[in-house]
Engineer: 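Below is a structure I'd like to ask you about.
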Amino acid sequence: MRKKIVAGNWKMNKNYTDGLSLFSEVVNMVKDEVRGNQQVVVCAPYIHLHSLAALANGHQQVSVGAQNAHQEESGAYTGEISASMLSSVGVEYVILGHSERRQYFGEDNALLAKKTDIALANGLKPIFCIGETLTEREGGTYFDVVKSQLAEGTFHLSEADFGKLVIAYEPVWAIGTGVTASSAQAQEIHAFIRKEIAGKYGETVAQDTTILYGGSCNPKNADELFSQADIDGGLIGGASLKSRDFVDIAKAFNS
Ligand code: 13P
């Protein structure tokens, strides 16, 4: 059975003190209220990660993730953070290929393939993001876009390594806009992604791959989105900055 995951992406928000308070609230609420096997992941800015990993220690249902990692092991890359540094402070997950990194930092599929390799080599679990822009959605090319992002970024991996990935489908037009994909739109493309994975790695790997939806997910729409057959959880931006909203989204999987 594939894992259900609700992951928060704080993006560039929260100073150190506020981040620690928010995370502590999340840990306590998850302990008291989350009933099920869903994993709750918080992807925070670098400065928080060491402390959050310490706070998460002993709380198996909560994990810590980074939002990016450099593609090289180490070296003269001023201002960058490596995958091995992240794992050395207890980080478990790393978001790779978020559309904001693709758009503002010029990250392309080839670079993301390298980042995926180095993350895996250092024991991190990549949350690999794919998703089309509004123009691509309206132009009807969104299947092709998502297919090439997935294939060029991850299909060089061995079956064993691919099995460590989490895929996140985030339509760019739904991120931070308040416009969410309908559950039918999201299910359609999640099923397509799973079919592509099955074509490359076989049905067992495809059925075991966690595929998250991201884009204006909130406590009101999470139930319906997450009840779709191929949606295994969410990657949550704005709503992850409020402990109540974030944990309510995670509770959509309560058994
Ligand atoms: P919002 O939930 O704010 O739309 O952001 C989604 C996102 O980009 C998560 O990575």
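Start at 1 and go down the list; that is how both ligands and their atoms are numbered.
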Engineer: Can you list every salt bridge (charged side-chain N to carboxylate O under 4.0 Å, His left out) pair that touches residues 5-21, not counting sequence neighbours?
Structural biologist: K11-E100
Engineer: Would you mind listing every salt bridge (charged side-chain N to carboxylate O under 4.0 Å, His left out) that reaches into residues 44-66, with sequence neighbours excluded?
Structural biologist: none
Engineer: Do the ring planes of F23 and W10 sit parallel (below 30°), tilted (30 to 60°) or perpendicular (above 60°)?
Structural biologist: perpendicular
Engineer: Whether the S63 and Q39 side chains hold a donor-acceptor pair (N or O, under 3.5 Å, no angle test) is what I'd like checked.
Structural biologist: yes
Engineer: Filter the ligand 1-protein atom pairs down to N or O on both sides and distance under 3.5 Å, then list them.
Structural biologist:
| from | atom 1 | to | atom 2 | distance (Å) |
| --- | --- | --- | --- | --- |
| ligand 1 | 2 (O) | G237 | N | 2.9 |
| ligand 1 | 3 (O) | G238 | N | 2.8 |
| ligand 1 | 4 (O) | G176 | N | 2.6 |
| ligand 1 | 4 (O) | S216 | N | 2.7 |
| ligand 1 | 5 (O) | K11 | NZ | 3.4 |
| ligand 1 | 8 (O) | K11 | NZ | 2.8 |
| ligand 1 | 8 (O) | H98 | NE2 | 2.8 |
| ligand 1 | 10 (O) | N9 | ND2 | 3.0 |
| ligand 1 | 10 (O) | H98 | NE2 | 2.9 |
| ligand 1 | 10 (O) | E170 | OE1 | 3.2 |
| ligand 1 | 10 (O) | E170 | OE2 | 2.9 |

Engineer: Could you go through residues 27-35 and list every donor-acceptor pair under 3.5 Å that involves a side-chain atom there, pairing it with any protein atom two or more places apart or in another chain?
Structural biologist:
| from | atom 1 | to | atom 2 | distance (Å) |
| --- | --- | --- | --- | --- |
| N28 | ND2 | S24 | O | 3.2 |
| E33 | OE1 | R244 | NH2 | 2.5 |
| E33 | OE1 | K251 | NZ | 2.9 |
| E33 | OE2 | R244 | NH1 | 3.3 |
| R35 | NH2 | D32 | O | 2.5 |

Engineer: Mind checking whether H190 and Y169 have ring centres under 6.0 Å apart?
Structural biologist: yes
